[in-house]
Amino acid sequence: MIDFYHSPGSSCCVKVRFLLNEKGIAHREHLIDLRRGDQLTPEFRALNPKAEVPVLVHDGFALPESTVIMEYIEDKFPEPALRPALPEGRARMRLWTKWPDEGGHIAYSSLAFVVSHRHQAHDATPGWVEAQLAEKPDATRQERQKHAIDLGLDDPALATTMRKMDKMIRDMQASLAVREWLAGDTFSLADIALIPYIVRLDVMTLLEIWRADCPRVFEWLAAVRQRRGYAPTYDVLDRSRTHQLMRENGTAAFARLKSLVETGA
Amino acid sequence: MLELYHAPGSVCAQKVRLALALKALPWVDHNMNLDSSEQYSPAYLRLNPKAVVPTLVHDGRVVRESTVICEYLDDAFPEPSLKPSDLVARAEMRRWAKIPDDEIHAACGFISQAGLLRQGRLANPQPYYDRIAKDPNRKRADRNRRMFERGYGDPDAQWGLFVHVKLLKEMQATLADGRPWLVGDAISLADIGLAPYINRLYVSGLAPMWADKPAIDGWLKRIKALPAYAEAFTKYTPRYGNEPVGAGVWPEVEPILESGGSDVLT
C-alpha cells in the first residue's frame, strides 16, 4: 500500500502525483494543509523530521524528497518505464531532475509569490506575514520572503529569478530542438521534474514571454497535457481559485517581467 | 574509452575518482589547472558550460555533474555495484548522495576558502588578491576577499561549519548501530558522495569536530584504508594525503562551535 502525504499546490508534490497517475499506481492521498501547520504536527514529523511535503509511505517505509521518491517509484514499479533504458539517457534525465533541487524550485517559488501569492495577504487575517515567514525552513529564505512581501515586483532579487527562468526555458528549447522529450525519445522523469514549473508559468500567462524564441517548449507543454498523468493531477487545480488568481495577477505583472527578461538577456 | 577532466583538490573530482577506482576502471587523465583558468578555455566550455570540474567523456559521450557521473558509471559499468540491491536501501542511498548537492558543497567551499586554502595563501597574498580582482562574479569575489581576510571569523565560513556539524550528527546517528557503511553492507554512492567532504574536514585540522562521534572516525578510517582511496585522493594531493595540514586551527574553531550556531542555523 502507498500512502502519499502532499499539499495540492506544491510543485514538488505535483511531480510525484503526476508520476503516480502516469504509471497508474493506486495510492491513498493525505492532504497536508501547510497554512494550517499540518506539517508541524508530531505525527507528520515522525514521517519527515524536516516537516516538508511530499512524503511517500510504502509498506511502512517513509520517504521524503520528491526526486528520490521518483527514482524509488521507478525502481519498485519499473513498468511502464519512465527512465531511459541507456546510461547516457539516464544521465541526461538526472541533469534535469536536479534543476528544481538546486535553486530552480526556490527561484520559481519566489517568482510565484511576488507575482501572485502575496496578494492573498489582503484577504487574510492578521498574522499572515508571520505565518508566511514561519513556513520557510531557514533564516535566509525567511529574509528573502520578507523582502518579497514588502517590495513585490520592485524586489531587486526578481531580476536574478527571471534570468534563471530564462536560462531554464532556453535550455529546454535547445534540448527539445534535437529530441522529442527532454531526456530522449521517450517521456521520462526529466519531463515530470519540469512540468509543475512550466504549467504554472503558463497559468500566470508568463510563458508567453518566450513564445517566439522557444516554440518547442509550447509543443512540449501541449504534449504533456495529453499524457495520462495530466488530467488526474491537474483537473481540480486548473479550476481552482489559486490558478484563477495566478492568471489575473500574472497578466497584471506581465509587461514588467517581460522587460526584465529582455534587459537581462 | 573513459576520459576525466578534473582537478587534484576538487571534492567533486575526488568523488568521481573514488568511484572509478572502486570499479578499477582505467581513464585518460585530463588534469586541469584551475589556477591558470584552463576551465574557461573555449574547448572546455564546450564540454562544460558552467566551467566546473569534473567532466567525464565516455566514448565521446559527455557526462557532467559528479552525482550524475557516479550514477552513470554504475549504470554503464554495473560490476562491482556501488548501489545496494535492496530498493529501500537504494532510496536511502540517494538521500545521502543528494546532501552534497543540496548544501554541503557550498558549505565546504566556504570552509576551504576560510581555512585550508587561506593558510596556503597567507605568506604571499598578492597573487590571490590579483585573482579575486579578475573574477567576473563580483559577489563571489567580495565573499572570497572577506573570507580570506577574516578566516573562520567570517559569517559564511561559520555557516559552513555548522552545516557540517548537522551532517556529522546525522552520520553518527546512522553509523551508531555499528554498521560499516552508511547504507547496506557494502560501500555505496552514499559513502562515496560524502567521503571527500569529511576528508576535507580532516585535512583542514577539523577532526576534533567528531571527537565525540567515534562511529565517524571508524567510517573515515575504513575509507582511508581502501586501496581506492590512495588511488583517488593521495595520488593527486600527496601533500593533503594523510596528515591534517590544517592542524593548529582548532583553538580558533572550537569557541565558534561552542557558540552553538543558533544564530546562523535554524
Side-chain angles (χ1 to χ4, degrees), chain A residues 48-52 55-78 83-106 133-134 136-143 160 167 170-171 174 183 190, chain B residues 2 48-50 55-78 83-103 105-106 137 139 155-156 159 162-163 166 169-170 173 189-190 261-266:
Chain A
N48 183 4
K50 282 166 84 179
E52 289 171 353
V55 174
L56 183 93
V57 181
H58 182 213
D59 296 340
F61 169 56
L63 182 63
E65 296 286 347
S66 57
T67 308
V68 179
I69 294 173
M70 292 203 296
E71 293 260 14
Y72 174 78
I73 291 172
E74 279 304 297
D75 283 341
K76 277 280 181 184
F77 305 92
R83 273 188 304 221
L86 295 175
E88 187 191 7
R90 285 191 183 196
R92 244 192 330 258
M93 175 198 92
R94 291 191 174 115
L95 281 180
W96 284 109
T97 59
K98 271 162 72 71
W99 182 84
D101 296 342
E102 290 174 26
H105 175 75
I106 290 179
L133 297 181
K136 297 295 163 192
D138 58 56
T140 316
R141 286 185 69 182
Q142 281 173 8
E143 195 182 306
T160 317
K167 181 170 184 324
R170 287 177 196 280
D171 285 350
Chain B
L2 287 168
N48 191 313
K50 279 162 94 176
T55 303
L56 181 83
V57 181
H58 179 208
D59 294 337
R61 291 186 291 268
V62 180
V63 191
R64 291 183 291 267
E65 295 285 343
S66 59
T67 308
V68 176
I69 295 173
C70 286
E71 288 260 15
Y72 175 83
L73 287 171
D74 210 48
D75 283 338
F77 305 96
K83 287 196 288 271
S85 53
D86 176 73
L87 299 179
V88 166
R90 192 170 286 189
E92 296 287 7
M93 178 205 85
R94 289 201 169 103
R95 288 183 70 190
W96 287 108
K98 250 171 81 61
I99 288 177
D101 296 342
D102 289 346
E103 207 168 48
H105 185 70
N137 182 337
K139 203 173 152 193
D156 282 332
W159 173 81
F162 286 110
V163 168
K166 202 170 63 176
K169 264 189 211 151
E170 286 171 25
L189 296 182
S262 52
D263 49 339
V264 277
L265 278 189
T266 54

- Message: Heavy-atom pairs under 4.5 Å with chain B - which of A:Glu71, A:Glu65, A:Arg90 has more of them than the others?
- Response: A:Glu71

- How long is the gap from CG on A:Asp101 to NZ on B:Lys98, to the nearest 0.5 Å? 3.0 Å

- Message: Give the interface residues of residues 56-63 of chain B toward chain A, defined by a heavy-atom separation under 4.5 Å.
- Response: B:Arg61, B:Val63

- Message: I need the A:Asp75 CG to B:Asp86 CG distance, nearest 0.5 Å.
- Response: 10.5 Å

- Task: Would you please name every residue forming a side chain to side chain contact (heavy atoms under 4.5 Å, CB included) with B:Glu92, sequence neighbours left out?
- Result: A:Phe61, B:Arg95, B:Val183

- Query: Given a strict heavy-atom distance threshold of 4.5 Å, which part of B:Asp102 is in contact with chain A: side chain, backbone, both, or neither?
  - Reply: side chain

- Mind checking what makes side-chain hydrogen bond (donor to acceptor under 3.5 Å, both in side chains) contact with A:Thr97, not counting sequence neighbours? none

- Using non-hydrogen atoms only, which part of A:Leu95 is less than 4.5 Å away from chain B: side chain, backbone, both, or neither? both

- Compare every heavy atom of A:Ala91 with every heavy atom of B:Val68, then report the nearest pair and how far apart it is. CG1-O, 3.4 Å

- Note on the structure: CZ (B:Arg94) and CE (A:Met70) are apart, to the nearest 0.5 Å, by 11.5 Å

- For A:Lys167, does the NZ atom sit with more than 12 other heavy atoms under 6.0 Å from it, leaving out its own atoms? no

- Segment of A:Glu88 engaging chain B (4.5 angstrom heavy-atom cut-off): both

- Message: Test of understanding: with salt bridge (Lys or Arg N to Asp or Glu O under 4.0 Å), list the residues that count as partners of B:Asp74, not counting sequence neighbours.
- Response: B:Lys23, B:Lys83

- Query: Is a salt bridge present between B:Asp75 and A:Arg94, judged by a nitrogen-to-oxygen distance below 4.0 Å?
  - Reply: yes

- Nearest-0.5 Å distance, CZ of residue A:Arg92 to CZ of residue B:Arg64: 10.5 Å

